[in-house]
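In this text the structure is predicted, and so the values were computed from the model without any measurement.
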Amino acid sequence: MAAVGDRNISQPRRRSLFTGVGLAVTTVAVVGGVFMLDPIAGGASSHRRAPAAPQAAHVPIEAALVSRARAEAEQKIVVAMVVQQQQQLAAFYAAVSSQLQQKTSVNWDGIAQCETAGNWHMQGSTFSGGLGFYNGTWTGFGGRQFAANAGQATREQQIVVAERVYARFGLSGWGCRAYG
């Protein structure tokens with residue numbers, strides 16, 4: 001009578017695998033813990049087992065070498081991130097610059113000189129900024145995207161809002177329009 005262990009060794013287990021685009025059937029034989037494939041015959045291969053690959057020798061790596069390589073890799077990542085941030089910042093400044101460029105030929109500095117003696121930071125309860133914006137007009141024409149009050153915005157930002165007002169009403173809102 002054969003032992004249970006003998007029966008497992010003498011009769012290899014077979015499994016089918018689906019491989020490739022056409023889903024061809026390949027048989028795999030498991031003999032003694034080694035997989036053998038024979039896709040042509042459709043069964044277990046009678047070929048001899050390939051010799052085992054030599055084990056890689058264990059080579060100790062110095063911790064300082066690993067640390068230095070890690071630091072160099074991290075530095076390269078930081079440099080790449082800084083370059084990317086600089087490119088994004090340059091694109092942002094270019095977009096802001098184009099928005100803040102004066103679109104009309106109005107002499108806004110002349111109007112500011114007449115309205116507030118050129119005080120671009122003037123803040124009042126009714127009128128603010130170098131161009132003497134009525135605070136409701138500043139809010140109504142999107143000035144709050146720059147500052148809560150025209151006097152808190154830069155000269156260029158005030159001119160952006162003034163050009164929005166000018167596009168709708170011309171210089172009629174300014175008492176010193178003759179200087180524009």
Side-chain angles (χ1 to χ4, degrees), residues 15 17-24 26 28 35 53-180:
R15 296 180 189 165
L17 299 174
F18 297 99
T19 60
V21 177
L23 298 177
T26 302
V28 176
F35 292 100
Q55 292 286 336
H58 178 68
V59 178
I61 299 176
E62 293 183 28
L65 182 64
V66 171
S67 178
R68 187 174 353 141
R70 180 176 290 140
E72 288 173 1
E74 289 174 354
Q75 181 64 27
K76 287 180 182 179
I77 290 171
V78 168
V79 167
M81 289 173 54
V82 166
V83 167
Q84 182 181 16
Q85 288 174 347
Q86 288 174 341
Q87 290 171 345
Q88 290 173 345
L89 194 57
F92 171 76
Y93 284 140
V96 168
S97 175
S98 69
Q99 180 187 16
L100 295 180
Q101 285 180 346
Q102 188 170 331
K103 309 286 190 262
T104 63
S105 61
V106 177
N107 180 3
W108 295 112
D109 289 313
I111 292 176
Q113 190 62 39
C114 176
E115 293 281 342
T116 62
N119 182 4
W120 290 94
H121 300 290
M122 190 272 296
Q123 297 182 36
S125 59
T126 308
F127 297 97
S128 301
L131 299 172
F133 280 103
Y134 173 69
N135 292 335
T137 302
W138 176 257
T139 301
F141 281 86
R144 287 192 170 259
Q145 84 181 71
F146 302 117
N149 184 290
Q152 296 169 346
T154 66
R155 172 189 172 275
E156 291 79 15
Q157 292 168 338
Q158 291 180 44
I159 291 173
V160 168
V161 176
E163 289 184 342
R164 293 175 187 166
V165 174
Y166 177 79
R168 189 157 190 199
F169 299 110
L171 291 175
S172 64
W174 284 278
C176 294
R177 60 182 161 264
Y179 295 93

Main-chain N/O of [Y] paired to [X] side chain as donor or acceptor, under 3.5 Å:
X	Y	value
T139	G136	no
S128	A150	no
S67	A63	no

Residue pair [X] / [Y], side-chain heavy-atom distance below 4.5 Å:
X	Y	value
V161	R164	yes
Y166	F141	no
N149	F133	no
Q75	V79	yes
N135	F127	no

W120/W108 aromatic ring centres below 6.0 Å = no

Which atom names give the shortest non-hydrogen contact between Q158 and L131, and what distance separates them?
-> OE1-N, 3.8 Å

Gap separating the [atom1] atom of [X] from the [atom2] atom of [Y], nearest 0.5 angstrom:
X	Y	atom1	atom2	result
N119	Q113	CG	CD	10.0 Å
R168	T137	CZ	OG1	10.5 Å
Q87	Q85	CD	CD	10.5 Å

Not counting sequence neighbours, which residues clear side chain to side chain contact (heavy atoms under 4.5 Å, CB included) with L65? List them please.
-> I61, E62, R68

All side chain to side chain contact (heavy atoms under 4.5 Å, CB included) counterparts of A148, not counting sequence neighbours | R144, Q152

Output every pair passing salt bridge (charged side-chain N to carboxylate O under 4.0 Å, His left out) with a member in residues 106-120, not counting sequence neighbours, ordered by first then second residue.
-> D109-R155

